[in-house]
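By convention in this document, chain letters (A, B, ...) are assigned in the order of the sequence lines, proteins followed by strands, and residues within each chain are numbered from 1.
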2 protein chains.
Amino acid sequence: MFSLSEENYLKSIYHLEAIHGKGISTNSIAKKLETKASSVTDMIKKLAEKEVLVYKKYQGVSLTKLGRKEATKIVRKHRLWEVFLVEKLNFSWDEVHDVAEQLEHIKSPKLIDELDVFLGFPKMDPHGDPIPDKDGKFQKIEKKLLSTLEENKIGICVGVNDSSSDFLKYLDKNNISLGQKIKVLSKESFDGSSTILINSKEITISKKISNNIYIQS
Amino acid sequence: MFSLSEENYLKSIYHLEAIHGKGISTNSIAKKLETKASSVTDMIKKLAEKEVLVYKKYQGVSLTKLGRKEATKIVRKHRLWEVFLVEKLNFSWDEVHDVAEQLEHIKSPKLIDELDVFLGFPKMDPHGDPIPDKDGKFQKIEKKLLSTLEENKIGICVGVNDSSSDFLKYLDKNNISLGQKIKVLSKESFDGSSTILINSKEITISKKISNNIYIQS
DNA sequence: AAATAATTTTAGTCTTGTCTAAAAAATTAT
DNA sequence: ATAATTTTTTAGACAAGACTAAAATTATTT
């Protein structure tokens with residue numbers, strides 16, 4: 001059994017590995033968890049003892065198979081709760097994160113699988129991120145960044161790369177949501193900004209924005 | 001804001017006050033929380049500082065208005081989650097307690113009130129205990145113990161006085177559930193046992209059982 | 001390859017919440 | 001009313017998890 005803190009470390013390392021591969025630095029974990037590197041060192045020693053990750057001094061850490069399995073369970077819980085909050089309790093996609101962050105630590109063998117049934121086995125959360133099934137298997141979703149879409153091509157928004165409240169509110173304001181059709185009208189090579197068509201309305205978005213929207217085309 | 005431990009103390013003292021009135025002893029709190037009296041002394045000092053209870057050395061404690069308000073919030077959360085588990089996630093009434101015990105500590109201004117809406121503002125939990133509304137108001141439910149019902153009288157089961165898994169399973173086995181009609185056929189004055197009619201089936205129950213079933217008649 | 005800088009670890013401290021053992025107060029029994 | 005018992009509090013210790021400051025290691029410059 002893992003403590004709340006241990007679970008948060010596992011989840012953070014899991015997410016960092018998804019971006020940077022194996023060998024996650026103490027510092028990057030500290031940054032993600034908004035704590036100090038020395039605290040991280042203490043905790044990863046403990047987690048190494050529990051065999052959820054491999055740690056060699058000064059070399060960073062990598063999750064073991066067991067560690068990945070544990071982390072996946074937490075991600076599953078987090079994302080299922082997000083679906084519940086949005087679909088059943090009228091939360092908007094920028095409101096769910098903090099609550100799901102708490103709910104993901106509830107321990108009950110039955111709870112999460114029944115929640116899954118209740119929600120109809122959703123395959124993705126409100127931000128378009130895939131929800132692992134009971135066995136930890138993800139459904140692979142074809143997606144690319146909006147910034148890679150060429151001029152005059154059309155894509156469907158299927159996810160976001162940044163789930164911060166600020167970004168999601170920006171998207172809401174501009175009517176960008178999952179399933180939304182987006183056409184790239186033009187791209188400015190100087191700053192990477194682009195003008196896109198949404199709901200027959202033209203808007204211009206920066207490179208930073210198009211780099212955080214996933215589409216399927 | 002209160003820590004998980006503080007919330008558990010508040011809730012326990014609240015429940016003890018409901019039974020024994022003001023002036024709850026250190027020992028009884030310790031027993032309820034399965035901890036030591038010395039730990040309780042430490043914690044109630046802290047809670048007295050926070051003005052949720054009044055404490056005078058060797059005199060036991062009493063909740064303040066603020067303390068009662070906080071405790072009521074936790075009770076509300078606990079019971080709403082129980083309804084959710086039973087009505088939406090196929091939990092039986094003997095399975096809900098431990099999970100609700102965790103869920104009651106989730107902090108979100110929006111979550112619990114939206115859950116209330118989603119469940120249709122239920123007035124009682126799966127054990128027949130009343131659920132305080134948003135303002136902490138309880139709906140008074142008329143009820144008395146099955147053991148006080150006279151021979152040949154009929155009552156409707158509206159709650160239980162003991163929510164232990166063992167007791168609830170016993171009730172399930174004998175088809176006793178909320179809303180169930182119960183007729184007292186005879187009462188044995190020697191040991192207080194009684195023979196009752198449920199679903200046109202006669203069963204004999206001990207005094208201990210009839211002392212833990214609430215009915216409306 | 002030294003020197004400097006950045007990262008990581010260690011050592012020691014703090015807080016929260018718990019515990020045991022012993023002392024103090026209150027209660028019950030004689 | 002005093003003695004015996006029970007309850008409560010105090011004092012001191014411990015574990016988890018975090019922090020600061022300093023030391024050790026690794027990485028980057030020059």
Side-chain angles (χ1 to χ4, degrees), chain A residues 1-14 16-17 19-63 67 70-71 74 101-102 104-105 107, chain B residues 1-14 16-17 19-63 67 70-71 74 101-102 104-105 107:
Chain A
M1 200 62 83
F2 297 92
S3 73
L4 191 142
S5 262
E6 288 170 338
E7 289 193 346
N8 282 332
Y9 274 89
L10 281 173
K11 193 180 51 146
S12 292
I13 296 166
Y14 176 85
L16 289 167
E17 278 194 349
I19 302 171
H20 303 112
K22 308 220 144 199
I24 301 301
S25 74
T26 306
N27 246 3
S28 63
I29 299 169
K31 215 159 284 170
K32 183 136 216 177
L33 285 167
E34 295 180 71
T35 182
K36 296 298 149 95
S38 54
S39 309
V40 174
T41 304
D42 287 347
M43 182 57 94
I44 59 186
K45 280 179 183 170
K46 226 176 96 183
L47 291 173
E49 288 269 313
K50 291 197 173 188
E51 306 192 328
V52 286
L53 51 77
V54 177
Y55 165 57
K56 266 186 73 181
K57 268 193 195 176
Y58 297 99
Q59 307 285 134
V61 299
S62 298
L63 292 180
E70 277 306 319
I74 304 164
E101 202 89 324
Q102 297 178 63
E104 73 190 5
H105 300 292
K107 284 165 177 58
Chain B
M1 199 62 84
F2 297 92
S3 73
L4 192 143
S5 262
E6 289 170 339
E7 289 193 346
N8 282 332
Y9 274 88
L10 281 173
K11 192 180 51 148
S12 292
I13 296 165
Y14 176 85
L16 288 166
E17 278 194 348
I19 303 169
H20 303 113
K22 307 221 144 201
I24 299 303
S25 74
T26 306
N27 247 3
S28 62
I29 299 169
K31 214 159 285 170
K32 183 136 215 175
L33 285 168
E34 296 179 72
T35 182
K36 297 297 149 96
S38 54
S39 308
V40 174
T41 304
D42 287 345
M43 182 57 94
I44 59 187
K45 281 179 183 170
K46 226 177 96 184
L47 291 173
E49 288 270 314
K50 291 197 174 189
E51 305 192 329
V52 287
L53 50 78
V54 177
Y55 165 57
K56 265 186 75 182
K57 268 192 196 179
Y58 296 100
Q59 306 285 135
V61 299
S62 299
L63 292 180
E70 278 305 318
I74 304 164
E101 202 88 324
Q102 297 178 64
E104 73 192 4
H105 299 293
K107 284 167 178 57

Protein and nucleotides 24-27 of chain C: nitrogen or oxygen contacts under 3.5 angstrom:
unit_1	atom_1	unit_2	atom_2	d
dA25(C)	O4'	Y58(B)	OH	3.4

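A salt bridge does not link K50(B) to E70(B): none of the charged nitrogens lies less than 4.0 Å from a carboxylate oxygen.
Residue contacts shown for S38(B) include a base, since a base heavy atom lies under 4.0 Å away. The residue S39(A) sits close to a base: some heavy atom pair falls under 4.0 Å. Using a 4.0 Å heavy-atom criterion, one finds that T26(B) contacts the sugar-phosphate atoms exclusively.
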Derivation of the side chain to side chain contact (heavy atoms under 4.5 Å, CB included) call for V40(B) and L33(B): CA-CA 9 Å; V40(B) 174; L33(B) 285 168; 5.5 Å; no
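Looking only at side-chain heavy atoms (C-beta outward), K32(B) and K11(B) stay at 4.5 Å or farther from each other. For the pair F2(A)/V52(A), a side-chain contact is recorded, criterion being any heavy-atom separation below 4.5 Å from C-beta on.
Contact annotation: N27(B) does not reach the phosphate of dT6(D) (side-chain N/O to OP1 or OP2, under 4.0 Å). When the side-chain nitrogen and oxygen atoms of Y55(A) are compared with OP1 and OP2 of dT9(C), one or more of them lie within a distance under 4.0 Å. Between T41(B) and dT9(D) there is a side-chain N or O to OP1 or OP2 distance below 4.0 Å. For S25(B), no side-chain nitrogen or oxygen approaches OP1 or OP2 of dT7(D) to under 4.0 Å. In terms of phosphate contacts, S3(B) brings no side-chain nitrogen or oxygen within less than 4.0 Å of OP1 or OP2 of dT16(C).
Residues A71(B) and L63(B) approach most closely at CB-CD1, 4.4 Å, considering heavy atoms. Shown here for L53(A) and I44(A), the closest heavy-atom pair between the two residues is CD1-O, 3.6 Å.
Rounding to whole angstrom units, CG of residue D42(A) and C1' of dT9(C) are separated by 9 Å. If you take NZ of K45(A) and C1' of dA16(D), they are 15 Å apart, rounded to a whole angstrom. Rounded to an integer number of Å, the gap from CD of E34(A) to C1' of dA18(D) is 14 Å. Distance, K56(B) NZ to dT9(D) P: 12 Å, rounded to whole Å.
Looking only at distances, a side-chain donor or acceptor of S62(A) sits under 3.5 Å from a matching main-chain atom of G23(A).
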Pair assignment for DNA chain C - dot-bracket with | for other-strand partners, Watson-Crick or G-U under 3.5 Å: ||||||||||||||||||||||||||||||
